[in-house]
Amino acid sequence: MTRHVETPRSASADLRRFAEAGGKLLLLHGTADELVSHRSTIEYFRRVQKRLGPRATGSFARLYLIPGANHVNVDASFAASYDSLSALETWTQGGQAPARPVVTDTSPAGNARTRPLCAYPSWPRYRGHGDPASAHSFDCHSTRSRT
């Protein structure tokens, strides 16, 4: 028997019951994903915000776009590694939402460089000084050069 799996385009944006039950949602999507466009995840997140309101959505959900990360981190320009399970545990059990999360590039060429995970619609932007391989040299800005 085949089970139907909803795509972000067809998934319900009404997450009220999930949020009311204490659910927390972290969506991470690489902008170089060759199988599922990050734009479909943005569209879904926007539908959730439209349905529930941005403030209510922000109380239980975050969307993070990861520049250069692809679907499975194979031959990616940025092989993203982030402990989302611990972040979810801290949020659900301790009530502390992710604050300034950092993702690490685990590719051999990446030399463990880091980038901030910026809550959508923010986007990481290099400050113009500091180590370009360090997340500390980046800020999250609400104006992105791409979506």
Side-chain angles (χ1 to χ4, degrees), residues 5-16 18-19 22-147:
V5 178
E6 292 184 353
T7 63
R9 182 160 287 192
S10 64
S12 172
D14 188 354
L15 298 180
R16 285 179 292 195
F18 175 77
K24 305 298 183 196
L25 178 64
L26 293 177
L27 297 168
L28 286 83
H29 203 130
T31 60
D33 191 325
E34 62 281 342
L35 299 178
V36 179
S37 173
H38 65 281
R39 289 179 175 92
S40 65
T41 303
I42 290 170
E43 176 192 351
Y44 174 72
F45 193 74
R46 286 178 176 165
R47 287 189 333 187
V48 172
Q49 288 180 316
K50 184 176 181 182
R51 176 80 179 212
L52 304 179
R55 183 172 297 216
T57 302
S59 72
F60 74 93
R62 300 285 190 280
L63 168 59
Y64 300 106
L65 299 178
I66 306 171
N70 66 14
H71 196 75
V72 293
N73 282 335
V74 174
D75 295 327
S77 61
F78 193 96
S81 177
Y82 173 65
D83 186 3
S84 57
L85 182 57
S86 291
L88 279 172
E89 286 175 347
T90 299
W91 199 3
T92 57
Q93 296 172 6
Q96 184 179 5
R100 299 192 50 88
V102 172
V103 64
T104 302
D105 184 356
T106 59
S107 70
N111 294 317
R113 65 185 166 163
T114 59
R115 292 290 180 269
L117 284 177
C118 300
Y120 181 83
S122 294
W123 186 259
R125 186 169 71 183
Y126 181 60
R127 292 180 184 162
H129 56 75
D131 182 0
S134 172
H136 298 293
S137 300
F138 290 78
D139 287 321
C140 293
H141 291 269
S142 59
T143 304
R144 294 181 319 283
S145 60
R146 60 196 275 210
T147 56

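Keep in mind the model is a prediction, meaning the values are calculated, not measured.
Between W123 and T31, the closest side-chain pair of non-hydrogen atoms falls below 4.5 Å. In this structure, the side chains of Q96 and W91 stay at 4.5 Å or more apart for every pair of heavy atoms. Contact of the P67 side chain with the P124 side chain is registered, since non-hydrogen atoms from C-beta on lie closer than 4.5 Å. By the 4.5 Å heavy-atom criterion applied to side chains, L117 and V102 are not counted as neighbours. A heavy-atom distance below 4.5 Å is not found between the side chains of Y82 and T104. Side chains of I42 and L65 form a contact here, defined as non-hydrogen atoms less than 4.5 Å apart. Under the 4.5 Å side-chain criterion, counting only non-hydrogen atoms from C-beta, S137 is not in contact with P132. Side-chain contact between R16 and L52 is present, with heavy atoms from C-beta onward closer than 4.5 Å.
Nearest heavy atoms, A87 versus L26: CB-CD1, 3.9 Å. Closest non-hydrogen pair, L25 versus L88, comes out as N-CD2, 4.4 Å. Taking every heavy atom of both residues into account, T114 and A135 meet most closely at OG1-N, 2.7 Å. The two residues Y64 and P98 make their nearest non-hydrogen contact at OH-CB, 3.4 Å. Scanning all heavy atoms of the two residues, the minimum distance from G22 to T92 falls at O-CG2, 4.2 Å.
Take A79 and apply the side chain to side chain contact (heavy atoms under 4.5 Å, CB included) test, not counting sequence neighbours, and it matches N73, D105, T106, S107.
A donor-acceptor contact shorter than 3.5 Å links the side chain of Y44 to the backbone of S12. Listed for the T57 side chain is a donor-acceptor partner under 3.5 Å among the backbone atoms of G53. At distances below 3.5 Å, not a single donor-acceptor pair connects side-chain atoms of H136 with backbone N or O atoms of P116.
A donor-acceptor contact closer than 3.5 angstrom links the side chains of S86 and D83. A donor-acceptor pair shorter than 3.5 Å cannot be found between the side chains of R62 and Y120. At a cut-off of 3.5 Å, with distance as the only test, a side-chain donor of D33 or H71 sits close to an acceptor on the other residue.
Using a 4.0 Å cut-off between charged side-chain N and carboxylate O, D139 and R125 make no salt bridge.
Taking CG of D14 as the start and CZ of R47 as the end, the distance is 11.0 Å to the nearest 0.5 Å. The distance from the OG atom of S81 to the CD1 atom of I66 is 9.5 Å, given to the nearest 0.5 Å. Note that CD of Q49 and CG of L63 are 8.5 Å apart. Values are rounded to the nearest 0.5 Å. With values rounded to the nearest 0.5 angstrom, F18 atom CZ is found 8.5 Å from K24 atom NZ. In this structure, the separation between OG on S134 and CZ on R115 is 8.5 Å, given to the nearest 0.5 Å.
For CG of D131, the number of neighbouring non-hydrogen atoms (other residues, nucleotides, ligands) closer than 6.0 Å is greater than 12. Heavy atoms from other residues, nucleotides or ligands lying under 6.0 Å from CZ of R55 number 12 at most.
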